[in-house]
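Input: a single structure, listed below in structure tokens.
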Amino acid sequence: MSDILEGLNDRQFEAASHVNGPLLIIAGAGSGKTNVVTRRIAYLIKEKGVDPYNIMAITFTNKAAGEMRERVDRYVGMGSEGVWVATFHSSCVRILRRHIDQIGYDNHFTIYDTDDSKSVMKAVMKKLQIDPKQIKEATILREISNAKNELLGPDDYEEQHRMDFGKRQIVRAYLEYQDTLRKSNALDFDDLIRMTVYLFKACPEVLENYRDRFEYICVDEYQDTNTAQFELVKLLAGTRKNICVVGDDDQSIYKFRGANIMNILNFENVFKGAKVVKLEQNYRSTQNILNAANAVIAHNRGRKTKRLWTERESDIPVYFNHYDSSREEADSVALDIARLHAKGHAEYNDCAILYRTNAQSREFEESFVRENIPYYIVGGINFYARKEIKDILAYLKTVDNASDDLAVRRIINVPKRSIGATTVQKVSEYAEMRMISFFEACKRAKEIEGLGKTAAKLVTFAQMIEGYREDVKTLGISAMAIKLLDETGYVDEIKDADEDDAQERIENIEELMNRITAYEEQEPEGTLSGFLEEVALVSDVDNADQRIPRVYMMTVHSAKGLEFGRVYLCGMEEGVFPSNMSINSGHPEDIEEERRLAYVAITRAKDVLKISAARSRRSWGETQYNAVSRFIKEIPEEYLSGDLKRIARESFEYEERPAGRKSFNEEVPFGRGDDDGFFGNFVKARKEKKEAPKEIPVLTKGAELVAGSPDYVVGDRVEHVKYGCGTVTEMEKGPKDYKVTVMFDEAGQKIMYAAFAKLKKL
DNA sequence: TAGTTGGGTTTTTTT
DNA sequence: AACCCAACTA
């Protein structure tokens with residue numbers, strides 16, 4: 001027997017050693033599925049002589065893809081890079097970049113994110129005079145997204161709803177929306193999948209090409225696939241049907257995004273004769289945690305019955321605390337972590353705060369700032385969704401693809417160039433009439449009537465952009481971007497505006513510059529399109545480096561696929577988790593999805609799980625009083641410590657020990673006194689702390705950039721506002737600025753521009 | 001054209 | 001409470 005599969009348990013071995021024909025792996029949380037999948041790939045290559053080039057592994061997140069890549073490289077060694085490991089979306093982009101011209105698009109297409117789609121829809125509704133009060137743009141976009149996930153293009157959708165007058169407006173909006181995208185040479189997220197399927201169906205020779213290549217296909221998180229993705233996989237699998245899917249029906253939590261749980265439940269019917277393997281041994285959590293998880297998920301119907309078990313016994317119970325307010329909940333969690341950390345019982349990056357909605361992060365953030373605990377919020381406002389980042393990206397997009405009207409219009413007057421709405425309107429009309437892009441119309445502004453002096457400004461703008469298009473070719477992306485930031489005066493404008501978040505916004509721009517240089521470093525052949533593509537497809541979770549010592553806060557959705565030593569599952573209340581929407585929808589299956597979500601949350605914890613709820617919670621202006629979540633009541637009391645009737649103070653009477661022994665702790669740091677005076681005092685005492693006055697970094701203005709060379713050299717120790725201390729390992733003089741590489745003690749290696757980094761010599 | 005103000009809306013989750 | 005947009009004013 002081969003040593004590639006050594007150390008696997010029986011079930012894992014059975015799955016990993018399967019070679020031909022369809023295979024369904026039902027992999028419970030923490031059952032080592034990535035291990036099984038990657039070992040199987042290694043086994044196919046090394047033992048069965050399969051060429052790495054003939055294997056494809058598809059995931060949902062870049063993070064999962066990255067992990068898989070790493071392990072495949074490790075097990076396979078030489079030649080492993082031939083294996084196609086990518087997310088659904090990036091796989092499709094790769095394919096479309098090569099062949100999309102065959103279905104009438106330009107290969108230089110832009111990818112629109114959710115925000116972009118929203119802007120387009122707004123404009124569409126205005127044009128079609130659809131009243132946003134009658135149908136919300138979000139409703140239309142959701143409907144369009146659903147249609148696309150079901151592979152219905154605008155024409156198919158129109159056909160299907162020909163007689164449906166209630167949907168008349170949506171049909172019109174969809175047609176116009178798609179038309180706008182096409183003119184801008186843009187695809188939205190859903191289009192990436194849909195167009196690839198369309199391409200395969202329209203051009204059999206292209207499909208044939210990929211079918212020949214991908215002899216073995218493996219799909220991760222299969223329970224999250226939607227109809228379009230399923231179709232894509234089916235097309236690629238062809239008649240060979242060497243398809244291996246891995247998933248867990250109990251962790252299907254993306255129905256709202258079109259995921260079709262039937263894809264996994266029906267797999268055996270669609271792929272007759274499929275081998276099915278269940279992985280039920282969990283290598284992550286303690287038995288107590290699994291007991292709670294099993295108890296909750298057992299309340300769902302329509303699942304493939306499965307029961308997780310482990311060899312990890314532990315004395316640490318699952319905690320439940322019922323606080324008086326969400327404020328108290330946040331403070332207590334922060335205090336708990338602060339105390340454990342002070343005693344050396346917990347590392348910050350071992351801890352995660354999980355909640356149902358992003359809005360809940362706020363209170364935790366406040367408490368953590370007060371306690372001086374480093375934290376990181378995953379998701380929420382995506383880094384790339386911030387205004388200043390979107391602005392600069394719009395510049396880059398304009399440089400990359402001038403037909404992207406959305407991007408051009410976003411920046412035409414940012415920073416202020418005295419080009420107002422009236423002018424934009426006139427240019428749009430002109431462009432529309434001549435069937436040219438907005439940018440093209442700007443170039444010809446002199447021909448447009450009634451613009452007066454603004455015409456010259458438009459021409460200058462267009463020339464400036466075209467200048468940068470040349471600059472990318474000669475200088476590269478980052479140097480062009482630096483030049484752009486400098487010449488447009490974008491950063492200056494932020495500084496001059498003197499808003500109190502100026503510092504933060506400049507730091508964000510700095511971070512964007514870091515990411516550009518990082519991209520250039522990683523992909524020496526990289527292009528501007530390539531960078532923008534990565535930006536569009538990389539999410540926040542992908543970037544969250546769990547090795548950095550800080551507490552991680554995120555929604556349960558974002559936490560899927562991750563694990564933490566200590567998990568604080570917060571806001572377990574009726575109306576929050578399960579959400580009001582799911583309770584009131586009238587569809588019992590919506591509650592089941594919430595329950596799966598709760599199951600995902602619980603199974604993130606390795607050693608300690610602390611669940612909490614609050615009696616009162618402020619949410620949009622009003623105080624709400626919620627009952628304890630039904631999911632908590634589904635956990636038998638013997639699995640919980642601190643029952644529903646007891647109160648906050650008891651959470652701190654136990655201090656868990658690494659060995660797992662329970663012991664009483666006399667000091668009650670946070671007990672409720674005889675009455676409720678303590679809470680107000682507590683908050684007041686902490687509020688005193690003052691923040692250091694904000695300092696705005698000195699940067700840009702070409703002169704300063706070139707003149708001031710840094711006061712440090714290679715080998716020096718330096719300090720960075722965000723990354724802490726590190727050693728300079730490399731310095732390279734660029735056209736405008738020094739490019740500095742620093743190895744930070746905690747944050748790892750970063751490449752940055754001296755003017756932005758503001759490094760302090762130590 | 002740009003800045004201000006008031007009113008209405010918002011929260012489920014995301015590649 | 002916070003954000004976004006439209007309408008109004010300078």
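Computed from heavy atoms alone, side chains included, the values below leave out hydrogens, waters and symmetry copies. The chains referred to below are lettered A, B, ... by the order of the sequence lines, with proteins before strands, and numbering in each begins at 1.
- Both A:Gln229 and A:Thr454 sit near DNA chain B, but only A:Thr454 has its closest nucleotide nearer the 5' end.
- Atom C1' of nucleotide B:dA2 and atom CD1 of A:Ile419 are separated by 14 Å, given to the nearest angstrom.
- Residues meeting the ring-ring contact (aromatic ring centres under 6.0 Å, His included) test with A:Tyr519, sequence neighbours left out: A:Phe531.
- In this structure A:Asn185 satisfies the side chain to side chain donor-acceptor pair (under 3.5 Å) test with no other residue, sequence neighbours excluded.
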Quick test: give all pairs of protein nitrogen or oxygen and nucleotides 9-13 of chain B nitrogen or oxygen below 3.5 Å, distance rounded to 0.1 Å.
| from | atom 1 | to | atom 2 | distance (Å) |
| --- | --- | --- | --- | --- |
| B:dT10 | OP1 | A:Lys136 | NZ | 3.3 |
| B:dT12 | O2 | A:Arg356 | NH1 | 2.6 |
| B:dT12 | O2 | A:Arg356 | NH2 | 2.2 |
| B:dT13 | OP1 | A:Asn358 | N | 3.2 |
| B:dT13 | O4' | A:Arg356 | NH2 | 3.3 |
| B:dT13 | O2 | A:Arg356 | NH2 | 2.8 |

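- Distance CD (A:Gln425) to P (B:dT1): 12 Å, rounded to an integer number of Å.
- Annotation: side chain to side chain donor-acceptor pair (under 3.5 Å) contacts of A:Gln169 (sequence neighbours excluded): A:Arg172.
- Remark on DNA chain B: of its neighbouring residues A:Arg257 and A:Lys416, the 5'-side contact belongs to A:Lys416, judged by nearest-heavy-atom nucleotide.
- Among the heavy atoms of the strands lying under 4.0 Å from A:Asn413 are primed sugar atoms or P, OP1, OP2 only; no base atom is included.
- Applying the side chain to side chain contact (heavy atoms under 4.5 Å, CB included) rule to A:Ile170 yields the partners A:Ile140, A:Glu143, A:Tyr157; only residues at least two apart in sequence or on another chain are considered.
- In the 5' to 3' direction, nucleotides of DNA chain C lying under 4.0 Å from heavy atoms of chain A begin and end at C:dA1 to C:dC5.
- With sequence neighbours excluded, no residue forms a ring-ring contact (aromatic ring centres under 6.0 Å, His included) with A:Tyr490.
- You'll find the side chain of A:Val369 stays beyond 4.5 Å of the side chain of A:Glu366, heavy atoms only.
- The distance between atom CG of A:Asn62 and atom C1' of B:dT15, rounded to the nearest whole Å, is 9 Å.
- In this view, A:Ser119 and A:Leu406 satisfy the side chain to side chain contact (heavy atoms under 4.5 Å, CB included) rule, not counting sequence neighbours.
- Applying the ring-ring contact (aromatic ring centres under 6.0 Å, His included) test to A:Tyr210 and every residue at least two apart in sequence or in another chain returns A:His99, A:Phe200.
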